[in-house]
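Along the sequence shown, residues are numbered consecutively beginning with 1.
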Amino acid sequence: MYQFKKELKKSLLEGRTVKYIAEKIEFSEVHLSNILNGKNTCKKSTAYFITKMCNEHNEVEDYFIKIR
């Protein structure tokens with residue numbers, strides 16, 4: 001499981017809203033917000049999808065911490 005580094009939320013979004021990103025990746029806004037606030041963990045595939053959707057040049061490890 002992967003947990004988002006919540007201090008990097010602003011740099012990941014780059015001025016976009018959570019709602020905009022959630023619509024693009026077809027997640028609920030609440031679920032994505034919980035991930036980005038560090039309340040929920042996610043699978044590596046989800047972390048990869050979020051990272052690449054926001055910035056294709058970054059890696060999962062730039063924004064997420066592997067736990068478990």
For residues K24 and K19, determine if any side-chain heavy atom of one lies less than 4.5 Å from a side-chain heavy atom of the other. no
Quick check: do T41 and Y2 have side-chain heavy atoms less than 4.5 Å from each other? no
Minimal non-hydrogen separation, K43 against M1, with atom names: N-CE, 4.2 Å
Any donor-acceptor pair under 3.5 Å from K66 side chain to E61 backbone: no
Is it the case that more than 12 heavy atoms not belonging to E7 sit under 6.0 Å from its CD atom? yes
For the hydrophobic clusters of this structure (ILVMFWY residues joined by side-chain heavy atoms under 4.5 Å, transitively), does one cluster hold both L8 and F49? yes
Using modelled atom types and a 3.5 Å cut-off, is there a donor and acceptor pairing between side-chain atoms of Q3 and backbone atoms of G38? yes
Under a 4.5 Å side-chain heavy-atom rule over Ile, Leu, Val, Met, Phe, Trp and Tyr, are Y48 and I65 clustered together? no
Can you tell whether the side chains of R16 and E23 come within less than 4.0 Å, N to carboxylate O? no
Quick one, F64 and I35 - any side-chain contact, counting heavy atoms below 4.5 Å? yes
Within 6.0 angstrom of K39 NZ, more than 12 heavy atoms from elsewhere: no
Separation between SG of C54 and CD1 of I21, rounded to the nearest 0.5 Å: 4.0 Å
Do the side chains of F27 and T46 get nearer than 4.5 Å, heavy atoms only? yes
Keeping N37 on the side-chain end and S33 on the backbone end, is there a donor-acceptor pair under 3.5 Å? yes
Rounded at 0.5 Å granularity, tell me how far NE2 in H31 sits from CD1 in I25. 8.5 Å
Answer yes or no: is there a side-chain heavy-atom contact under 4.5 Å between K6 and L36? no
Do the side chains of Y20 and I50 join up, straight or via other hydrophobic residues, at under 4.5 Å, putting them in one cluster? yes
For F4, which of L12, N34, N40 qualifies under side-chain contact (heavy atoms from CB on, under 4.5 Å)? L12
Sub-4.5 Å side-chain heavy-atom contact between S11 and Y63: yes
What closest approach, in Å, do L32 and A22 show between heavy atoms, and which atom pair accounts for it? CD2-N, 3.6 Å
V18 vs K9, test: side-chain contact (heavy atoms from CB on, under 4.5 Å). Steps then yes/no. CA-CA 10 Å; V18 174; K9 181 178 177 181; 4.1 Å; yes
No-hydrogen, no-angle side-chain donor-acceptor test under 3.5 Å, T51 and N55: no
